[in-house]
Amino acid sequence: MQGKLSMKNNEYKFNEDNYVEELQNVIDSTYTGHYSRQQFQATEFIIDGGHGTGFCIGNIMKYAQRYGKKGNTDDARKDLLKVLHYGIIQLYVHDRDQFDNMADIDIRLSMGDSDEEYKFNTD
């Protein structure tokens, strides 16, 4: 099975293309599964409520810690896929929060506030 990722004249050494395609299928299934009701996912409400990072990192830790300890090897694989999916959702939360922080800086600067009053940590 050839995945959607491609490297010019190179082969993936760890089947990354196949795993990314599998992860895409898992993510797609969450949009039609029991976690999605009337086109909204509970995760959206959690993120909109300002709890996205805690929720995502908490779930990453939960599924990483239970890996191989619950169920069979198929269940362990599913736990790894959940870790990856929550990692991707956290990337969204991270990027959204960074965009919001940058917008706050722009608003303060446009209002004439000194940039000494508001320092943005870029580390």
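Residue numbers start at 1 and run along the sequence shown.
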Minimum heavy-atom distance [X]-[Y], with the two atoms named:
X: Tyr12; Y: Glu16; answer: CB-OE1, 3.2 Å
X: Gly68; Y: Ala76; answer: N-CB, 3.8 Å
X: Asn72; Y: Asp74; answer: OD1-N, 2.9 Å
X: Ile89; Y: Cys56; answer: CG2-SG, 3.5 Å

task: Using the six-membered ring wherever Trp is involved, compare the ring planes of Tyr86 and Phe55 and label them parallel, tilted or perpendicular (cut-offs 30° and 60°).
output: perpendicular
Is the shortest heavy-atom distance from the side chain of [X] to the side chain of [Y] under 4.5 Å?
X: Gln41; Y: Tyr31; result: yes
X: Lys82; Y: Asn59; result: no
X: Leu84; Y: Val26; result: no
X: Thr30; Y: Thr43; result: no

Linking I/L/V/M/F/W/Y whenever any side-chain heavy atoms sit under 4.5 Å apart, do [X] and [Y] land together?
X: Leu81; Y: Ile88; result: yes
X: Leu91; Y: Tyr63; result: no
X: Ile57; Y: Ile46; result: yes
X: Val93; Y: Val83; result: yes

task: List, by chain and number, the other hydrophobic cluster members for Leu80, where Ile, Leu, Val, Met, Phe, Trp and Tyr join if side-chain heavy atoms come within less than 4.5 Å, directly or indirectly.
output: Tyr67
message: Return the CD1 to CD distance between Ile60 and Gln65, rounded to the nearest 0.5 Å.
response: 12.0 Å
message: For the CD1 atom of Ile27 and the NE2 atom of His85, what is their distance to the nearest 0.5 Å?
response: 4.5 Å
query: Side chains of Gln24 and Asp28: do they bring a donor and an acceptor to under 3.5 Å?
result: yes
query: Applying salt bridge (Lys or Arg N to Asp or Glu O under 4.0 Å), which residue pairs with at least one partner in residues 53-66 are found, sequence neighbours left out?
result: Arg66-Asp79
- request: Could you list the residues that satisfy salt bridge (Lys or Arg N to Asp or Glu O under 4.0 Å) with Asp48, not counting sequence neighbours?
  value: Arg96
